[in-house]
S.K.: 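First the structure, which I've put down as C-alpha cells, then a few questions once you've had a look.
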Protein chains: 2
Amino acid sequence: MATRTRRTERREEPLSRERIVEAAVDLLDTAGDGGLTFRALAQRLATGPGAIYWHVTGKDELLSAAADAVVAGAMTTVAADATPQQAIRVLALGLFDAIDDHPWVGPQLARSPRQSPMLWIFEQLGRQVQALGVPDAAQYTSASALMHYILGVSNQNAANARANQPLTDRTEFLRAVSAVWAELDPDEYPFTRNVAGHMREHDDREEFLAGVDLILAGIAALR
Amino acid sequence: MATRTRRTERREEPLSRERIVEAAVDLLDTAGDGGLTFRALAQRLATGPGAIYWHVTGKDELLSAAADAVVAGAMTTVAADATPQQAIRVLALGLFDAIDDHPWVGPQLARSPRQSPMLWIFEQLGRQVQALGVPDAAQYTSASALMHYILGVSNQNAANARANQPLTDRTEFLRAVSAVWAELDPDEYPFTRNVAGHMREHDDREEFLAGVDLILAGIAALR
DNA sequence: ACCTGAACACCGTTCAAGT
DNA sequence: ACCTGAACACCGTTCAAGT
C-alpha cells in the first residue's frame, strides 16, 4: 500500500460554520472593519457567495459569531488560586489585549442583538465581585461598572491604534497625542491641556489597570 | 401693499451644512441607524445626492457632525453653584438621556476619527474631577473611568431599547430581561441568575447613578 | 443536503453638465 | 459658486439550477 500522507492534504474540506467564522475573523483582522464581504469571504473559501448562506443566516449572525469566538478565546484562563482582585485584573487585561488584536470586536459587542459575549463577560466579572463579598444589592452595579470601564478603555485604545496605524510605536503615539492636547485652546480645554503632560510618560496597560483599581476601591467602599 | 407673510414661507432655502446635519440627525432618529442614505437625505432636502457633497466631504464627516450636534446639545447646562459631585451627576444624566433619544450616537462616538465629542465630554468631567481635589497623577484615570462608565451604560441602555422596540414600557422590558436571566443554566451563569431578581425592581436611571457614585467613591479613596 | 453564480435592489461617491 | 442627476463600482441577499 502507498504511504499515507502525513497530514491531510488541504483539499476541498467541506464548508462548515466553523470554517466560515474562522475565515471571517481572519478577514476582519487583515482587511479591517469594511473588509468582511460575502464575495471576499467566498473567494477565500473557494466558493460562491450564496454557499455561505446555507450555514449562516446573514451578515449580522456572522459578525456576532466572530465576536463570540474572540471573546471566548480571551476568557479561558482564570487561575483557581487567585484572589478576586487578581482574577479581575487578569480578565481585564485579557479583554484589553484581545480587543487590541481584533479592533473590530468592540463596535460589534454593543450592537450584538442577543449580546451573549457581553453577558459572558458580565458573568465572569460578577463571580469575582461576589467573591469579594459585595452585598447583594450592589453586585449588579459593581460588575456593571467594571465591565463598562474595561470595554470602554479597550475600545478606545483599539480605535486609536486603528486610526494611527502609521505610528506603530506606542510611546510615539502617546507622545503625539500629548503634543496635540498641549496645543488645545486653554480657555476651552483647560483640563485636557493639564493632563497632556501625564500622557507622555504613561503606559497604556498600567493606566488601564489603575482605572480597574480605582473601581475596585469604590467597590471596597461599599462593604 | 400686500400684507407680508408672518413667517418666511418654507420656500427653497439654500442648502447649507447646518441644514444638512439637522436633516441627517432627524433621519437617523426616525429611520434608525441604516436610514441615513444620501438618496433619502437628498430627497428630504429636495435636491440630488451630489449636492450634499458640496457641503460635506462624505458620510463619515456627516455622521461625525451629527454626533457632535447631539453631544453639544446635551452638555450645555452646568449650574455654577453645584458641587462637583452634583455636576458630574447632571452631566451623566444629560448624556444618558441624549443617547436614549438618539441611539445611533453611541456607536458613532467610538468610531469618530477625530473623536472631538468624546474629548469634550472628557474635558467637562475632568474639570469636575479637578474641582474634587484629586491629585494630578490620578486625574486622568478618574475622568477616564467616569466617562467610559457613563458612555458604556448609556449605549447599552440605548441598544436594549432599540432591540426591544415592541416593549415600550421600561419596567415591562426589565421584567422580561429578569425572566430570561432567571432561566439561564445555573452551572454556566450562576452570578447572572443571582442578580436577575434585582433587575425586576430596578430603575434604570437610579441604577446608573449608583454606578456613578461607586466610581466617585473610588475617586474619593484616592485622596 | 449542499453548492453555484447570475441577478436584484440598493448603496456611497464621482463628475460632466448645467445655472 | 453651487446644484443636478445619470453613471460607476460595489454591496447583501435571493434563488433557480445544478450535484
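Chain A is the first sequence line, chain B the second, and so forth, proteins listed ahead of strands; every chain is numbered from 1. Worth knowing before you read on, the calculation uses all heavy atoms, side chains too, and leaves out hydrogens, waters and symmetry mates.
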S.K.: Measure the distance from CH2 on A:Trp54 to P on C:dC3 and round it to the nearest whole Å.
M.R.: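 Those two atoms, CH2 and P, are 9 Å apart.
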S.K.: Calculate the interatomic distance between B:Leu41 atom CG and D:dG5 atom P; express it in whole Å.
M.R.: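 Roughly 16 Å, once rounded to whole Å.
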S.K.: Can you name the nearest heavy-atom pair linking A:Met75 to A:Ile121, along with the distance?
M.R.: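 A:Met75 and A:Ile121 have their closest heavy atoms at CE-CA, 3.7 Å.
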S.K.: Counting only pairs under 3.5 Å, give me each side-chain donor-acceptor contact of residues 21-28 of chain A, with atom names and distances, residues two or more places apart or in other chains.
M.R.:
residue, atom, partner, partner atom, Å
A:Asp26, OD2, A:Arg44, NH1, 2.8

S.K.: Output side-chain donor-acceptor pairs under 3.5 Å for residues 179-189 of chain A, partner residues at least two apart or in another chain, one line each.
M.R.:
residue, atom, partner, partner atom, Å
A:Asp185, OD1, A:Asp187, N, 2.8

S.K.: Any ion pair linking A:Arg193 and B:Glu123 (charged N to carboxylate O, less than 4.0 Å)?
M.R.: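 So B:Glu123 does not pair with A:Arg193 through a salt bridge.
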S.K.: Could you report the tightest heavy-atom contact between A:Gly106 and A:Asn155, atom names first, then the distance?
M.R.: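 Nearest heavy atoms, A:Gly106 then A:Asn155: CA-OD1, 2.8 Å.
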S.K.: Of the non-hydrogen atoms in B:Thr141 and A:Ala210, which two are nearest, and what is the gap between them?
M.R.: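 Closest heavy-atom pair between B:Thr141 and A:Ala210: CG2-C, 3.7 Å.
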S.K.: Only Watson-Crick and G-U wobble pairs with both distances less than 3.5 Å should count. Give DNA chain D in dot-bracket notation, marking inter-strand partners with |.
M.R.: ||.|||||...|||||.||
S.K.: Could you check whether A:Phe191 and B:Tyr140 have their ring centres less than 6.0 Å apart?
M.R.: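 No, the ring of B:Tyr140 stays outside the 6.0 Å limit from the ring of A:Phe191, centre to centre.
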S.K.: Tell me if the centroids of the rings in A:Tyr149 and B:Tyr149 come within less than 6.0 Å of each other.
M.R.: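 Centroid separation for A:Tyr149 and B:Tyr149: 6.0 Å or greater.
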S.K.: Which pairs, with at least one residue in residues 53-80 of chain B and sequence neighbours excluded, count as a ring-ring contact (aromatic ring centres under 6.0 Å, His included)?
M.R.: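 Of all non-adjacent pairs touching residues 53-80 of chain B, those that pass ring-ring contact (aromatic ring centres under 6.0 Å, His included) are B:Phe38-B:Tyr53.
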S.K.: What are the atom names and distances for every N/O pair under 3.5 Å that joins the protein to nucleotides 9-13 of chain D?
M.R.:
residue, atom, partner, partner atom, Å
D:dC11, OP1, A:Thr37, OG1, 3.4
D:dG12, OP1, A:Leu36, O, 3.4
D:dG12, OP1, A:Lys59, NZ, 2.6
D:dG12, OP2, A:Phe38, N, 3.1
D:dG12, N7, A:Arg39, NH2, 2.6
D:dG12, O6, A:Arg39, NH2, 2.7
D:dT13, OP2, A:Tyr53, OH, 2.9
D:dT13, OP2, A:Lys59, N, 3.0
D:dT13, O5', A:Tyr53, OH, 3.1

S.K.: Shortest non-hydrogen contact from B:Ala42 to B:Ile52?
M.R.: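 Closest approach of B:Ala42 to B:Ile52, heavy atoms only: N-CD1, 3.9 Å.
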S.K.: Can you check nucleotides 17-19 of chain D for protein contacts, nitrogen or oxygen pairs under 3.5 Å, and list what you find?
M.R.:
none

